[in-house]
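To start, the structure under review is shown below, and the notes come after it.
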Amino acid sequence: MNRRHFLATGALASLPLAVRAEEKSAAPAPPPTPNTRPNRIGISSYSFWGFNREDLRPIDICIEHAARMGFDGFEILQKQLLSWEPAELMKIKRRAFLLGLDLMGYSTHQGFLSPDKEARKKNYDHTLACLEQAYNLGIPTMRVNSGRWDTIKNFDELMRRRGEDDPISGYTEEDAYPWVIEAYTGLAEEAGKRGIIMGLENHWGLGRTPQGVKRVVDAVNSPWLKVTLDTGNFLENPYDRLAQLAKDTVLMQAKTYYGGGVWYTLELDYPRIAKIMKDAGYTGYISLEFEGKEDPLTAIPKSLELLRKAFA
């Protein structure tokens with residue numbers, strides 16, 4: 001036997017002993033520890049604009065205020081944009097990056113509560129365009145809605161009725177679920193191609209109850225359709241209802257009402273809400289939606305301090 005052959009066979013012969021010795025001495029892997037990292041806090045551009053403060057409508061101005069105030073991320077209300085042209089979106093993306101803000105949410109409006117197939121197709125195409133805009137901006141999640149019946153045209157009246165409008169004559173909510181599920185089944189496939197998680201919000205229409213939101217999300221059964229959870233949209237028994245959707249949440253929108261709410265005011269216990277979300281394993285963004293009458297430039301910093309303490 002030559003020296004080379006002896007060394008090779010000797011090394012192979014000793015390998016099982018070495019492996020057994022290594023296995024015997026290796027310590028077991030430690031159990032995973034619960035995440036204790038604070039939730040990052042972002043802000044919706046809606047907090048500044050509120051649909052009526054035109055001096056605070058430009059997104060670049062809102063981004064600069066958000067960075068100055070110390071937020072981690074920024075959610076864009078799609079209706080607030082003055083242009084959806086790709087070149088203009090790239091300016092927003094560049095500005096946010098230079099100021100150290102994550103563009104982490106894109107809040108859109110659409111509605112599928114209509115027996116008119118063409119109306120639903122128009123809203124489907126609009127939502128698809130929104131997905132493309134979010135993709136161009138590099139935003140990973142997009143707020144979507146079921147829509148509402150629009151039998152109450154005046155929004156103030158809708159708020160007086162606590163967000164409940166009547167179905168179109170001859171139809172019920174049971175008719176509407178297949179329309180919404182069909183739309184989001186197709187849109188979830190498109191969202192997956194772009195790597196964007198849609199979040200169905202507990203908003204009006206079918207989203208007024210946690211059961212309505214879950215029925216749509218569970219029926220679509222896609223990793224690309226989950227929940228955007230709004231703390232201010234359950235007007236009764238909010239904590240139990242928030243808890244029902246917490247495990248499916250990909251973005252939480254947190255309402256504050258300094259100066260009193262425009263339509264209503266909720267006294268929300270944010271430490272309690274934070275515990276609900278922590279118990280559900282939620283580690284994502286909290287996005288402030290300021291909806292009070294106080295000047296947003298004074299109310300928003302107070303809101304940020306409130307949320308930082310609660311979600312620490």
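One is the number of the first residue; the rest follow in order along the sequence. Keep in mind it's a predicted model, so treat the numbers as computed, not measured.
- Listed for the R120 side chain is a donor-acceptor partner under 3.5 Å among the backbone atoms of S114.
- For the pair R143 and Y106, the cation does not sit on the ring face, since its NZ or CZ is not both under 6.0 Å from the ring centre and inside 45° of the axis.
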Exercise for the section: Would you please test Y171 and W179 for ring-ring contact (aromatic ring centres under 6.0 Å, His included) and show each step? Expected result: CA-CA 12 Å; Y171 294 91; W179 303 333; 5.8 Å; yes
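- Within a 6.0 Å sphere centred on OH of Y270, heavy atoms belonging to other residues, nucleotides or ligands number more than 12.
- Looking at heavy atoms from C-beta onward, D55 lies in side-chain contact with R53 at the 4.5 angstrom threshold.
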Problem - V216/S146 under side chain to side chain contact (heavy atoms under 4.5 Å, CB included): CA gap, chis, key distance, verdict - result: CA-CA 9 Å; V216 174; S146 72; 5.9 Å; no
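- Placement of I61 and L297 within a single hydrophobic cluster is found when ILVMFWY residues are connected by side-chain heavy-atom separations under 4.5 Å, directly or transitively.
- Each of E164, R148, E173 was checked for a side chain to side chain contact (heavy atoms under 4.5 Å, CB included) with R208, and the lone residue meeting it is E164.
- Under the rule for a ring-ring contact (aromatic ring centres under 6.0 Å, His included), the partners of Y184 that lie at least two apart in sequence or sit in another chain are F112.
- Between the D165 side chain and the W149 main chain, a donor and an acceptor come within less than 3.5 Å of each other.
- Under the side chain to side chain contact (heavy atoms under 4.5 Å, CB included) rule, L131 has a single partner from H126, K193, M142, which is M142.
- With hydrogens and angles ignored, the 3.5 Å screen pairs no side-chain donor or acceptor of Y258 with any backbone N or O of T298.
- Y46 and F51 have their aromatic ring centers within a separation under 6.0 angstrom.
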Exercise for the section: Step by step, work out the side-chain hydrogen bond (donor to acceptor under 3.5 Å, both in side chains) result for S47 and E289. Expected result: CA-CA 5 Å; S47 297; E289 285 193 335; over 6 Å; no
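- By the 6.0 Å contact criterion, CH2 on W263 is enclosed, its count of non-hydrogen atoms from other residues, nucleotides or ligands being greater than 12.
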